[in-house]
Amino acid sequence: MQPVRMGRSIALVGWVAASLLLCSAHFQPAPKLYRAKPEDVPPWAEQGNFRFIRLDGGQIESWKAERTWWGKKFSAEEKDVLTHIYDRDFEQMLGLLKQAEFNWIWVTWSSGWSFRDEEENRQNLKKVIARCHENGIHVSAYLSASNMFRTSAYRDDPETKKYGLWMHRIPLFYAGPTKTDLQISWDRRLADARKPGWRAYLLNKAELAVDAGVDAIVWDNMIGYDDGLAQLLDDTQRMAERKARETGRPKVIIEANIHIPPDRFAMNDTNEVIWEEDGKDTPGLWRGKWQVDNARKIKFLSGEKQLWQPLKYENDLYHCGSRERCIPSPAEQKLSIAEAYAFGAAISRNIEGRFLSALIKGEPEAREAWTAIAQYNHFLVEHRELYHQAAPAARIALISAEPQNPLADNFLKQSVFFETKVLAHLDKGVPLDRFTVLVMPADLPKLSAEQKARLNTFTAGGGVIIKVGKAETGIAARAETAAGGPRLSLEPRGYVLGQLTRKPDGRTLILHLLNYYQSAPAENVKVRLELSGLVQDLSRWEIRVLSPDAAQPQFDSLSLHGSICELTLGRIDHYTLVTLSARPAP
C-alpha cells in the first residue's frame, strides 16, 4: 500500500506534521487480522460506567515536551510538576482523582525513548498502577506507535536505526506546520510499523506494561502505512491474549488514536475501545456562533464504530486556546461532560501543562474547574443507570460521507432526534433497519453497488428515503413528519438542545437538555415531547426531572395525554434530564 495526502512542501524537505496521517485510501482490515469482541470489554469499561482522564507525565514526558512545539512554552514550574507527577506529587494527584471520582486514567509508559532512558519511569509507574488499583482506578499504558528520539534510541538501542519511515527516499520526522516546529522536532524520527523488527521492539515495551498490571494499552502517533499499523494492533492483541492465558488475569483491552476520517477508521475493528481527539473547540455560544461541532462529531464517530465499542472523545483545542496552555471555565467543563455523555460518549481530558501544574499548586482557577468536573462526575456516578446501556431513540438517520455536515448541525440546533449513518460504514453504528426515515444530502458521492443494495433493503422493509435538494429548506420538519415521532419542541428555543435515549427494555426514556449559552440559564422552558412510535399511552408513566446543577430542579404544568408529555422547566443552567419510566402494571 502506498501512503497518500502528504503536504508537498513538507515532503520536499523531509518532514511530516504530527497531525498528518499517511494513510491508504479506504483501508479495510485483512481477514486474517484480529477482530475485537464485545465479550472482551469488561463491565467497568462499558459506556456509562467510567470517568476517564489522561495523566501524561514523568521525566520522559517532560523531555518530549522540550522537543515538541506544544511544550516549548511550559514554564519551569510546569515542567517540574510534569516530571514528578508519578513520584513526588502522585499521592496528591491520587487524592484529586478520587475527589473527582475518576475511575480510569492513562499514564505515559513509552514515548519513543530507549529502554534504558524509560526505565526510571517504568519503576515509578509500577507503584502508580498498584496505588490506582487499590483505589478502584483502572490504568491504560500510553505508547507511541511511530515515534523514536534518535539521540536516545540510536545510542542505546542501535537496531532502531534500521526502522525509519521513508517516503520517496526521504526520511520522515514528527513535526508541526511551521518551520520553527520542524526545527524543534528534528530529533523525533518516525518509524515504519511495516518492519517486523520495529513492531517486536514496541511489543516488548507493551508486554512490560502488561506485566506491570495495566488494564489497557493505548497506541498514539498512528502515523505511517496503514497495513503496518494494523499489523501492530493485531500483534498487540495476540500478545494480550497470550499474557491472559499465561497469567490467568483478564485480557488487557486495546485502543488507538486512529482519528475520525472514514477511509482508515476501520482499523478500529481490531480495538475494543475507541479513543479520538478530533475536537477543535469547546461547546457553547461564542460571539453569536452556536458551537455544536463536538456533538456532530460524536454522532459521526458513533456511526463509524461497532455499537458495543465504548467511545472516548477529546478536544485538542479549547475555545480559550491550546489544551496545554489554558483551563476552560467551570461552565465549559460542565457542558463538555454533559454533551459527551448525552450523546453516548465519555469526555477525555488532557490536563498536561498549565492545568496540571495549577491544580497541584492549588491555584483558584484550576481548583474551580476541578470542582465543576467533580460535581458532574458525581452526578454521573449517582445516576449511572441513565448512561449505561442507554441507546439513542431516534427513528431518523442522516447519511454523512464526512464529519463536516451542515445538515447535521441544523438538525442538532432544532433538536431533531437523529443518528448519523456514515456512508463508508453503513454496516456500523445503529443498524439501518431500526430507522424509519433516511435523509440523504445532495452532496453525497456516487454510491457503490453494495451501498445501493443496503438502501434498497431499507426501502423494501418500509423505510422512507428523503433526498435533499441543494437549496431545499424545511428538511427537519419533513423528516419528523415522515418518521411520525418522536419529536421535541422547546419554547423559547434559545440555545437549548435535546437528545432522547432509552434503556434496552424500552420502559425508561431519558430526555437530555443542554443549554449551550454558558453565560446565562435558560428560564421557563416549555417542553413538549411527542413519543409516537415509542409510547402510545403515558398515563401510567412516572416523570422525574434531574440536574447536576440543582438538588431539586423546579418544574410545573406537567401534562401527560396519549403519547405527549408537556411540562415547564423553571431553569436549565447547563444540563437537565427528564426521565420517563413505565410503572409496573397493577
Side-chain angles (χ1 to χ4, degrees), residues 42-56 92-107 131-140 215-216 273 275 279 282-284 294-295 298 310-315 318 323 327-352 355-356 358-360 362 365-390 499 501 510 512-515 518 546-551 553 572-577 579:
W44 61 264
E46 292 175 0
Q47 201 76 63
N49 283 352
F50 63 86
R51 284 79 52 207
F52 172 80
I53 192 168
R54 294 170 55 169
L55 191 61
D56 307 80
Q92 183 183 355
M93 189 68 228
L94 179 61
L96 289 164
L97 292 172
K98 291 167 63 178
Q99 173 200 340
E101 301 194 63
F102 285 106
N103 63 350
W104 193 354
I105 67 170
W106 89 23
V107 295
R131 290 289 289 134
C132 283
H133 287 170
E134 289 168 7
N135 288 275
I137 299 173
H138 302 277
V139 183
S140 293
D215 305 284
V273 175
W275 179 83
T282 311
N294 293 317
I298 289 171
L311 170 61
K312 294 184 280 188
Y313 180 83
E314 181 173 312
N315 283 327
Y318 299 134
R323 62 189 173 186
I327 304 173
S329 68
E332 293 169 73
Q333 301 285 359
K334 293 175 180 180
L335 184 56
S336 294
I337 294 172
E339 180 186 62
Y341 279 81
F343 289 103
I347 194 70
S348 165
R349 270 182 198 78
N350 181 351
I351 60 172
E352 179 175 353
F355 196 172
L356 179 64
L359 195 57
I360 294 298
E365 183 183 10
R367 287 301 175 97
E368 288 169 7
W370 194 257
T371 298
I373 293 168
Q375 176 186 341
Y376 267 52
N377 277 358
H378 177 72
F379 182 85
L380 296 174
V381 173
E382 186 179 8
H383 299 287
R384 185 178 65 177
E385 75 283 356
L386 301 180
Y387 304 94
H388 180 235
Q389 294 183 340
Q499 165 77 345
T501 59
I510 307 107
H512 306 262
L513 297 168
L514 300 105
N515 177 19
Q518 67 276 8
L546 304 167
S547 174
D549 300 313
I572 304 175
D573 287 293
H574 307 292
Y575 180 43
T576 296
L577 300 89
T579 69

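Values in this document were obtained by computation on a predicted structure and should not be read as measured data.
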Could you tell me the separation between the [atom1] atom of [X] and the [atom2] atom of [Y], rounded to the nearest 0.5 Å?
| X | Y | atom1 | atom2 | value |
| --- | --- | --- | --- | --- |
| Gln99 | Arg367 | CD | CZ | 7.0 Å |
| Trp104 | Ser348 | CH2 | OG | 10.0 Å |
| Leu514 | Thr576 | CG | OG1 | 9.0 Å |
| Leu96 | Gln92 | CG | CD | 6.0 Å |
| Ile347 | Asn377 | CD1 | CG | 11.0 Å |
| His512 | Thr579 | NE2 | OG1 | 10.0 Å |

Indicate yes or no: at least one non-hydrogen side-chain atom of [X] is less than 4.5 angstrom from one of [Y].
| X | Y | answer |
| --- | --- | --- |
| Met93 | Leu356 | yes |
| Arg323 | Asn315 | no |
| Leu546 | Leu386 | yes |
| Asn49 | Trp44 | no |

Report all side-chain donor-acceptor pairs from residues 329-342 shorter than 3.5 Å, counting only partners two or more places apart or in another chain.
| from | atom 1 | to | atom 2 | distance (Å) |
| --- | --- | --- | --- | --- |
| Ser329 | OG | Glu332 | N | 3.3 |
| Ser329 | OG | Glu332 | OE2 | 2.9 |
| Glu332 | OE2 | Ser329 | N | 3.2 |
| Gln333 | OE1 | Arg349 | NE | 2.8 |
| Gln333 | OE1 | Arg349 | NH2 | 3.2 |
| Gln333 | NE2 | Pro328 | O | 3.3 |
| Lys334 | NZ | Gln375 | OE1 | 3.4 |
| Ser336 | OG | Glu332 | O | 2.9 |
| Glu339 | OE2 | Tyr516 | OH | 2.7 |
| Tyr341 | OH | Phe50 | O | 2.6 |

Please report the C-alpha distance between Ile105 and Cys132 in whole Å, then the side-chain angles of each, then the deciding distance to 0.1 Å, and finally whether the side chain to side chain contact (heavy atoms under 4.5 Å, CB included) criterion is met. CA-CA 9 Å; Ile105 67 170; Cys132 283; 3.8 Å; yes

Are Ile53 and Leu97 close enough, and set up right, to give a side chain to side chain contact (heavy atoms under 4.5 Å, CB included), and what steps lead you there? CA-CA 9 Å; Ile53 192 168; Leu97 292 172; 3.7 Å; yes

Between [X] (side chain only) and [Y] (backbone N and O only), is there a donor and an acceptor less than 3.5 Å apart?
| X | Y | answer |
| --- | --- | --- |
| Asp215 | Ser140 | no |
| Asn135 | Ile137 | no |
| Asn515 | Ile572 | yes |
| Arg51 | Glu101 | yes |

Of His388, Glu382, His383, which is the lone residue that meets side-chain contact (heavy atoms from CB on, under 4.5 Å) with Glu385?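 The residue from His388, Glu382, His383 that satisfies side-chain contact (heavy atoms from CB on, under 4.5 Å) with Glu385 turns out to be His383.
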
Check for me whether Lys312 meets the cation-pi criterion with Trp106, that is, NZ or CZ under 6.0 Å from the six-membered ring centre and within 45 degrees of the ring axis.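 No.
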
What verdict does the salt bridge (charged side-chain N to carboxylate O under 4.0 Å, His left out) test give for Arg54 and Glu314, after you've listed the backbone C-alpha separation in whole Å, the side-chain angles of each residue and the deciding distance to 0.1 Å? CA-CA 10 Å; Arg54 294 170 55 169; Glu314 181 173 312; 2.8 Å; yes

Can Tyr376 and Asp549 be counted as having a side-chain donor-acceptor contact under 3.5 angstrom?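 Asp549 and Tyr376 do have a side-chain donor-acceptor pair below 3.5 Å.
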
Could you verify whether a donor N or O on one side chain and an acceptor N or O on the other, from Tyr313 and Asn294, lie under 3.5 Å apart?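 There is such a pair between these side chains.
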
If you look at every heavy atom in Ile298 and Ala345, which pair is closest and at what distance?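 Heavy atoms of Ile298 and Ala345 come nearest at CG2-CB, 3.9 Å.
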
So, for Tyr575 and Ser547, which heavy atoms are closest and what is the spacing to 0.1 Å?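 Nearest pair, atom of Tyr575 first, then Ser547: O-OG, 2.6 Å.
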
Side chain to side chain contact (heavy atoms under 4.5 Å, CB included) with Ala366: which residues, sequence neighbours excluded?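 Result, side chain to side chain contact (heavy atoms under 4.5 Å, CB included) vs Ala366: Ile327, Phe355, Ala358, Leu359.
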
Counting only heavy atoms not in Arg384, do more than 12 sit closer than 6.0 Å to its CZ atom?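 No, the 6.0 Å shell around CZ holds no more than 12 heavy atoms from other groups.
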
